[in-house]
Amino acid sequence: MERLRSAPPPVKRPAKKSKKAVAAMRPAEYAAYIGRLAAAGMVRRRPLGRGPFLAGFRIFYADGDVGAASPMTRDRMDYLVRYGATLVPTYDPAHLTHVVTTLDRAQFARKTGLESPRDVPDALPVLRWEWVKTGERAGGLARWHEHAAYNDHVVFEAVVPEGERRTVPEACRRGRSSSVQAKGKAADVEGRPDAGDAEASRISEFTQDRLAGLAAEQKPHASVQKAQRTRGEPSTSAATPHGGGGAADPLAEFYAAARAERETELRSDTPLRTGHAAAAAGSRQTGAFQCDIVPDGKVGTCPNQDVIDELNKLVKVHRQGATREDGFKVGAYTRAINGIRKLKTRIKSSEEALAIAGVGSKTAQKIMEIIETGHLRRLDHVLTKEIAILETFQGIYGVGPKVARQWLAAGCRTLDDIREGKHGVKLSTAQHTGLKYYDDINARMPREEAQAIFELIKPVALSIDPKLFVDIMGSFRRGKADCGDIDILITRPTDDGKSHIGRRLHCKDPRKLTTPLGVLRRLLKELHERGVITEDLNVPEDWDDLELVYRGLCRRDSKGLQRRIDFLTVPYKSRGAALLYYTGDDIFNRSMRLKANKMGYSLNQRGLYANVIRNPSDRRQKFNEGVIIASETEREIFEKLGVPWQEPHQRVRGG
DNA sequence: AAACAAATGGCG
DNA sequence: CGCCAT
DNA sequence: GTTT
Ligand SMILES: Cc1cn([C@H]2C[C@H](O)[C@@H](COP(=O)(O)OP(=O)(O)OP(=O)(O)O)O2)c(=O)[nH]c1=O
Ligand SMILES: [Mg+2]
């Protein structure tokens, strides 16, 4: 979704309509209107540092407005025009180069009069709004297929030429080669004139009747400003109501408002639930939080395992899909599978299937097909070789969906292709190590081996500083019989005024430090020398920080496989939150954090924070950090969240 | 018809 | 920043 | 894809 709301009123000078008249316009009318303004040179066309990256594009923007165009729709239309696009007010494929939409399939079909997005001409891309916003990035507009609105209508652009291809993103990259956008486009694009100086040509390119030169390329723009915003900080001042002059805390009234809101919800409590749980669950669509439900610990073989197996293949497929729809389907099928897993009897009818939470009519049908035939025929079409290849590539540490798709698109099919650097593939250092030990890293180890390796490490740590707390977390702490890696947490009490990095913050005298280099640095050095740690993947850069993360490989002895190992060091005050985080599992953590979020809190590996103000239109975005209310013990955090205490082995929510 | 949303850090 | 990792 |  859109994150910023920084755009000033886009339209400068009215020979125009009154505000009221504008507000009453329907989307198509507004599109035509703003087109006329643009034609008259009355739209400021290049507001920011980037060039008119939409120059020459003829875009139909389809939003869900019923009557008048909403402010957001107008905003976005303004934006499109401002960056050089020509808005086409109706769905008219012959005169379009792009369709941009926020609609789901059904809405889109209704709006365009088509049966389905499949019926859009093959060369005409239908893209999400997010694609437009990528034009502001350093790398310029993203490739179409990465932002396809619907997974059955994905338009690919021409393959990036050798020289352009990259394995690892380059931050300072400016424009894009023209061939990126050149081919595979609507037929009317061929042989368009080069837009030359986009700036100059734009003046005469606006009329809707004329087909503007399409692929006006962004030329490398000398003065692209580099975003300097600090991570996690709000980029707007939307939360400061009155300029926030000299007040101690400009957000004070928002704290009060947030608190009041929470308390209101608390009063409308259901007796069945604890106050906080109800407050949080009240606004929620899919009911309770997973972390609230303590698993009964019973294990039995599932009578519908075959169904689950087939549906999981569908999850695999959609996991590799790049669209938003795919993302939601992954979630939807996963929820359905969780529902099915709870059943103690074999599903016998579609009615029975439909009764399962998370199973709707489509999934119920699929379930019955599996029950009756043992197989889901749809999988024959969607579970392709390409899916398997993408999964193989993503098995390399440091390779995610983007790089995997890039390699596939470039023509790579096997790990040997990657090893041989075919098609211009380049590897980062971590990827290189990941490929070298591909099989080792992807194997899980018996918990006994994790234990044994840990016992090589712990004494070394304690010999550096006997007051350290050192323990294995992750799946090992949850009691799993096999572990994907070893997760080690390190901290140290400060009752003697020292910490696991010594006292360097308060004491400059190196002779008084407990550990001259900091525990972790000394420990890693020692373990390298002993041959326990064999490769680094990710080494902390600022060793002065109390919170450090290390990732690498290790092995029990020269005959052992290479195993992934992670270290996390934290301030002693954070130990409860860190324990909670690092014990997981990941799904459990997300559930706890989601609940915290909905309660007006925020939970991370440092603690539980209250009075967190979030952006109402994007709840993931925080306006402030909040004030810490729990961090020293796990139990305290459970209590404040109203989650029943659960031992590590009970905190399993994922497969 | 709209919602569905963890939170953080390192690399290049 | 965008990607990848936990 | 499902739920509200
Ligand atoms: C991967 C991941 C882990 N975590 C937390 C919870 C995990 O238990 C902890 C360690 O991460 P992992 O080592 O990736 O997970 P794990 O130890 O639970 O399972 P495995 O046996 O496969 O190693 O970090 C998250 O909070 N979010 C994540 O996305
Ligand atoms: Mg682990």
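Just so it is clear: chains get the letters A, B, ... in the order the sequence lines come, proteins before strands, and each one is counted from 1. Being a predicted model, the structure only gives us computed values, none of them experimental.
Scanning residues 351-359 of chain A for heavy-atom distances under 4.0 Å to DNA chain C yields an empty list.
Nucleotides B/dA5 and D/dT4, compared at atom P, are 13 Å apart to the nearest Å. Using C1' as the reference atom, C/dA5 and B/dA6 are 14 Å apart when rounded to the nearest Å.
Not one side-chain nitrogen or oxygen of A/Lys426 sits closer than 4.0 Å to the OP1 or OP2 atom of B/dG12. Close to C/dC4, at under 4.0 Å from its OP1 or OP2, lies no side-chain N or O of A/Ser428. A sub-4.0 Å separation between OP1 or OP2 of C/dT6 and a side-chain N or O of A/Arg564 is present. Using a 4.0 Å cut-off, some side-chain N or O of A/Asn597 falls inside it from OP1 or OP2 of B/dA7. For B/dA7, the OP1/OP2 oxygens have no side-chain nitrogen or oxygen of A/Asn589 closer than 4.0 Å. Of the side-chain N and O atoms in A/Ser591, none sit less than 4.0 angstrom from OP1 or OP2 of B/dA6. Regarding contacts with the backbone of B/dC4, every side-chain N or O of A/Arg590 stays at 4.0 angstrom or more from both OP1 and OP2.
Here A/Leu603 lies in heavy-atom contact (under 4.0 Å) with sugar-phosphate atoms only. Within 4.0 Å of A/Leu548, counting heavy atoms only, lies no atom of the nucleic acid at all.
A straight line from CG of A/Leu390 to C1' of C/dC4 spans 16 Å, rounded to a whole angstrom.
Residues satisfying the side-chain hydrogen bond (donor to acceptor under 3.5 Å, both in side chains) criterion with A/Asn338, sequence neighbours excluded, are A/Arg341. Residues passing the side-chain hydrogen bond (donor to acceptor under 3.5 Å, both in side chains) test with A/Arg606 are A/Glu547, sequence neighbours excluded.
Using a 4.0 Å cut-off between a side-chain N of Lys or Arg and a carboxylate O of Asp or Glu, A/Asp440 and A/Arg563 do not qualify as a salt bridge.
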